[in-house]
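Here's the structure we're looking at; comments come further down.
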Amino acid sequence: MDGDSDLVARLKAGDGDAFDSLYATFNPRLFNFLARLSRRRDVAEELLEETWLRVVAHAPRLRDDTRLAPWLFTIARNLFASYCRSRHLDYDAQAGIHLWPVPISSPSPFEAAAAGQLQQRVEVALSKLPGPDREVLLLVGLEGMTPSEAAVVCGVTPEAMRQRLSRARVRLAEQLEFSAGLRVARFGEALP
Amino acid sequence: MSDDYRDDPWVDAIAALPLIRPDDDRAEAVRRRCRAMLQKRAAPAPAPDKAAVRVSEWRSRERQLQPRLRPPSRFSIRIALRTRQS
C-alpha cells in the first residue's frame, strides 16, 4: 500500500504530522474496537493509551512494508488479551462474566447509542458472545477487514480464522434468534 | 446460512453500529505526549562535547598512571618502627 509505506517512512523519521494523521484516523476506531471488546469504557481508555505508547516505542523500528491497520489492531488486541490474563479473566468465557450487563429491560449506553432495532439486537448479541467470537466479528464486520487480515491480527492461520468466523456467525445468529424469541415472549409481538 | 459472510445481514448491521468515541481531553493529552515521544526517539543523538571527552580521557589516563595506594600492612609498620628505633 503506497499510502502506508509513505506514512511508515515518515513515522520512522519521527514526523509529528504523520503521527497526528495516524492518530486522527485510528484513535476512534481503536477505541471503538477496545470498548466493544472489553465492554468497559475505563479499560478501553487505558488500553488505548498503552497501545499508542507501544506504537511510538516501536515506530522507529518499523519495517518499510508494514501495513498500519493490522499492526495497530494487533497491538490493541494483544494488550486486551494480556489484560484478561493479568486479571485472571477467561478471554473465551468473557460473555459469562457480564462486565457490562445488558439486560433487555434497561438498555446499556451501547444499546442506547444503537438507534435501530436491528442494531440494538446486534449490540446485545455481540455482548453475549465469547471474546474470540466477538473480536472476529468486530474486525470483519466493523473494521471491514478480510479474514486473512483478521488472522494476522489474531495471530492465527487464515484457515483457522475462516473456521472461527464461521463459528462466530453461527453463534451470533443463535443469539439474535434467542433475543428475538425473548422479545416475542416479553411483548407478545408475534402472539395471536 | 450462506457460505460467504458478506451475504449475512449482520455484516451491514455491525458496520452500521454507532462509533463509541473516546474522551476528547484524554485523547488530546495522549496525542501530545506520544507525538513528543516519537519526535524525541527519532531525533539523532547529540554529538558528544569534545572538551568533555578530552577531560574524561585525561582523567582515565591519570588513574592508570597513578600507583595504587594500599593501606600499610602490620608487617610494614613493624619494619618502619624498627628502622626508626635503630
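In what follows, every chain begins at residue 1, and chains take the letters A, B, ... in the order their sequences are listed.
Of the two parts of A:Pro60, only the side chain, counted from C-beta on, holds a non-hydrogen atom closer than 4.5 Å to a non-hydrogen atom of chain B. Looking at A:Ala57, both its backbone and its side chain come within 4.5 Å of chain B, counting heavy atoms on both sides. Heavy atoms of A:Asp17 lying under 4.5 Å from chain B belong to its backbone as well as its side chain. The contact between A:Leu11 and chain B is made by backbone and side chain atoms together, counting heavy-atom distances below 4.5 Å. For B:Asp23, the parts lying under 4.5 angstrom from a heavy atom of chain A are both the backbone and the side chain. Contacts between A:Leu126 and chain B at a heavy-atom distance below 4.5 Å involve the side chain alone, from C-beta outward. With a threshold of 4.5 angstrom between heavy atoms, A:Leu53 approaches chain B through its backbone and through its side chain. Contact of A:Val55 with chain B is not made at all, since no heavy-atom distance falls under 4.5 Å. Only the side chain of A:Leu165 comes within contact range of chain B, with at least one heavy atom under 4.5 Å from a heavy atom of that chain.
Heavy-atom minimum distance, A:Val56 versus B:Arg41: O-CD, 3.6 Å.
Among the candidates A:Pro28, A:Ala24, A:Gly144, the residue making the largest number of heavy-atom pairs closer than 4.5 Å to chain B is A:Pro28. Most heavy-atom pairs under 4.5 Å with chain B: of the set A:Ala59, A:Ala13, A:Ala44, A:Pro147, this distinction falls to A:Pro147.
For B:Glu28, the salt bridge (Lys or Arg N to Asp or Glu O under 4.0 Å) partners two or more places apart in sequence, or in a different chain, are B:Arg31, B:Arg32. For A:Phe26, there are no ring pair (Phe, Tyr, Trp, His ring centres under 6.0 Å) partners two or more places apart in sequence or in a different chain. Evaluation of the salt bridge (Lys or Arg N to Asp or Glu O under 4.0 Å) rule for B:Arg33 yields A:Glu49 as partners, not counting sequence neighbours.
The backbone N or O of B:Ile20 lies less than 3.5 Å from a partner atom in the side chain of A:Asn32, making a donor-acceptor pair. Although no hydrogens or angles enter the test, the distance criterion places a donor-acceptor pair under 3.5 Å between the side chain of A:Tyr23 and the main chain of B:Ala27.
For the pair A:Glu143 and A:Leu138, the minimum side-chain heavy-atom distance is 4.5 Å or more. Side chains of A:Glu50 and A:Glu46 form no contact here, defined as non-hydrogen atoms less than 4.5 Å apart. For the pair A:Leu30 and A:Trp52, the minimum side-chain heavy-atom distance is below 4.5 Å.
The interface of residues 76-84 of chain B with chain A, defined by heavy-atom distances below 4.5 Å, is empty.
Ion pairing between a basic and an acidic side chain is recognised when a charged N comes within 4.0 Å of a carboxylate O; A:Asp133 and A:Arg167 show no such pairing. The pair A:Glu159-A:Arg164 does not meet the salt-bridge criterion, since no charged nitrogen lies less than 4.0 angstrom from a carboxylate oxygen.
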